[in-house]
Amino acid sequence: MAEKAPKKRKPMIGLQPEGDVDWSTYRGVLVVVEQRGGRAKPVSWQLLGQASRLAAKLEAPVMALVMGSNVSHLAQEAIYRGADRVYLCDSPELENYRTRPYSRVCLHVIRTYKPEIVLMGATYTGRDLAGAIATHLPTGLTADSTQLEVDDERLLLASRPAFSEKMLATILCKQFKPQMATARAGVFEALPRDESRTGEIIPVPPQIKPEDIAVEVLEFLEATGKVNLEDADVIVAGGRGLGGPAGFRLLEELAAELGGVVGASRAAVDLGWISHDHQVGQTGTTVRPKLYFAIGISGAVQHVVGMQNSTYIVAINKDPQAPIFKIANYGIVGDLFHIVPAITETLRRRKAGVGVSSQGAVSTPQTV
Ligand SMILES: Cc1cc2nc3c(=O)[nH]c(=O)nc-3n(C[C@H](O)[C@H](O)[C@H](O)COP(=O)(O)OP(=O)(O)OC[C@H]3O[C@@H](n4cnc5c(N)ncnc54)[C@H](O)[C@@H]3O)c2cc1C
């Protein structure tokens, strides 16, 4: 398919780079890999998966940018996860995230290697970095995207929920390159890790000037007791149906049996039954576990947007009309105070090698 050359358009604002810019020299989809202490955030690999899909349509390379201190293993990992070319900036000055040194490296890579699309996770770091870069280039940035596609004119269609999820706004950046977007964790699917993939690793010198070191990180304190919903394979989430904080003990027991973590609806968080870092949904965390239990959760749209991409959803609710059943793979209609302990007990017995009846310990509920 012949590529359409992007049309030259008059700049709308005075931030246009000097002279006539030939945007057609911009090629490739770049993912900025986020890491802390040498461990990549899962959203980085999810975005490399989506970048690979977009790049296939654009017939363009998949690029990754890895920045940090002692992070060369992540450059190789990025190749296994879909990157064709990895720009690696490994420097002690990049040990902790700081806006200016990190954006300096990003700006250098973008200006030198000219990707047409740049993607980052919509994490605290990603949001900070993306905004800083976009204003410098200058170009357009869509924050917190949940859909990323490209059209026949090579334009990125970055869609994000707006007005409390009541509408989906698709935002285009027609006049500038690269087209930038941050995207929510848990929305896109990572490619299977493939150790047979090959790619090129291009070292990038740190572009850091003394004036960029305006912020000194004295100490990094990991939030203790914070729940890591994003990385969890199993999430056992509860809502208002739990009736109070004590209900969450039942969920903790089930989660412990399954090696999972406890999630919550906003209603449960607002009632003070559990802390906000457990909240799943639009104003909480977007998750993508292999198994998601929605227990005493009605399935309001603001909750569902945060967990609908789970591989398997099990809903337990006494109301057969609850909307959560529309997206559940398995549904149990009944009282959670009977069902949850019964499932936990069944799992315990299985682990202990004690036989259970063919119906297991859960005998009363009706499956929908
Ligand atoms: C701007 C905005 C942002 C929001 N962001 C979020 C968000 O990030 N996350 C989120 O979750 N919500 C969010 N909400 C709130 C959302 O609209 C819902 O109010 C909330 O998700 C409802 O929580 P729930 O399902 O726990 O409670 P309810 O809707 O009250 O549902 C409780 C369910 O428990 C069932 N139940 C009761 N007793 C039992 C029992 N004994 N056994 C079994 N089932 C039982 C009931 O049948 C019911 O279906 C947001 C709302 C707005 C306006």
Side-chain angles (χ1 to χ4, degrees), residues 164-166 186 227 229 232-351 354 356-368:
S164 304
E165 311 274 342
K166 288 194 172 59
V227 197
L229 289 171
D233 278 341
V234 178
I235 295 175
V236 180
R240 208 199 307 256
L242 289 173
F248 276 98
R249 301 291 92 75
L250 297 178
L251 269 50
E252 281 164 14
E253 285 175 27
L254 177 55
E257 283 307 310
L258 294 164
V261 299
V262 172
S265 72
R266 175 158 157 185
V269 172
D270 285 352
L271 287 161
W273 299 349
I274 192 161
S275 61
H276 179 262
D277 54 345
H278 292 266
Q279 186 181 315
V280 172
Q282 181 194 330
T283 41
T285 307
T286 305
V287 297
R288 204 190 174 102
K290 295 196 176 101
L291 179 59
Y292 188 91
F293 278 87
I295 302 175
I297 291 177
S298 59
V301 62
Q302 296 89 353
H303 186 81
V304 166
V305 290
M307 45 65 81
Q308 62 194 352
N309 290 321
S310 308
T311 315
Y312 289 102
I313 297 169
V314 179
I316 303 172
N317 200 303
K318 65 180 182 187
D319 173 10
Q321 305 303 326
I324 193 74
F325 287 124
K326 291 199 190 117
I327 58 153
N329 301 91
Y330 299 97
I332 303 172
V333 178
D335 186 345
L336 69 91
F337 294 100
H338 295 303
I339 296 162
V340 176
I343 297 175
T344 309
E345 187 53 30
T346 308
L347 291 168
R348 272 195 198 129
R349 281 161 157 266
R350 282 235 176 112
K351 269 194 202 158
V354 181
V356 286
S357 72
S358 59
Q359 288 177 307
V362 187
S363 52
T364 42
Q366 156 206 353
T367 310
V368 292

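In this text, all values refer to a predicted model and were calculated from it rather than measured experimentally.
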Distance (rounded to the nearest 0.5 Å) between [X] [atom1] and [Y] [atom2]:
{"X": "D270", "Y": "T283", "atom1": "CG", "atom2": "OG1", "result": "8.0 Å"}
{"X": "L336", "Y": "F293", "atom1": "CG", "atom2": "CZ", "result": "12.5 Å"}
{"X": "F248", "Y": "I295", "atom1": "CZ", "atom2": "CD1", "result": "9.5 Å"}
{"X": "I339", "Y": "I316", "atom1": "CD1", "atom2": "CD1", "result": "6.0 Å"}
{"X": "N309", "Y": "T286", "atom1": "CG", "atom2": "OG1", "result": "9.0 Å"}
{"X": "L271", "Y": "R240", "atom1": "CG", "atom2": "CZ", "result": "6.0 Å"}

I need the minimum non-hydrogen distance between [X] and [Y], along with the two atoms involved.
{"X": "K351", "Y": "E257", "result": "NZ-O, 2.6 Å"}
{"X": "V227", "Y": "V262", "result": "CG1-O, 4.1 Å"}
{"X": "F337", "Y": "G241", "result": "CE1-O, 3.8 Å"}
{"X": "K318", "Y": "V333", "result": "O-CG1, 3.7 Å"}
{"X": "P289", "Y": "V234", "result": "CB-N, 4.2 Å"}
{"X": "I297", "Y": "I324", "result": "O-CG2, 3.5 Å"}

L291/I235 under side-chain contact (heavy atoms from CB on, under 4.5 Å): CA gap, chis, key distance, verdict: CA-CA 6 Å; L291 179 59; I235 295 175; over 6 Å; no
Option from D335, I332, L254, V236 for which side chain to side chain contact (heavy atoms under 4.5 Å, CB included) with V340 holds: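 For V340, the side chain to side chain contact (heavy atoms under 4.5 Å, CB included) check succeeds only for L254.
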Check step by step if side-chain contact (heavy atoms from CB on, under 4.5 Å) holds for R266 and Q282. CA-CA 9 Å; R266 175 158 157 185; Q282 181 194 330; over 6 Å; no
Pair R349 + E345, salt bridge at N-O below 4.0 Å: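 Result for this pair is yes, salt bridge flagged.
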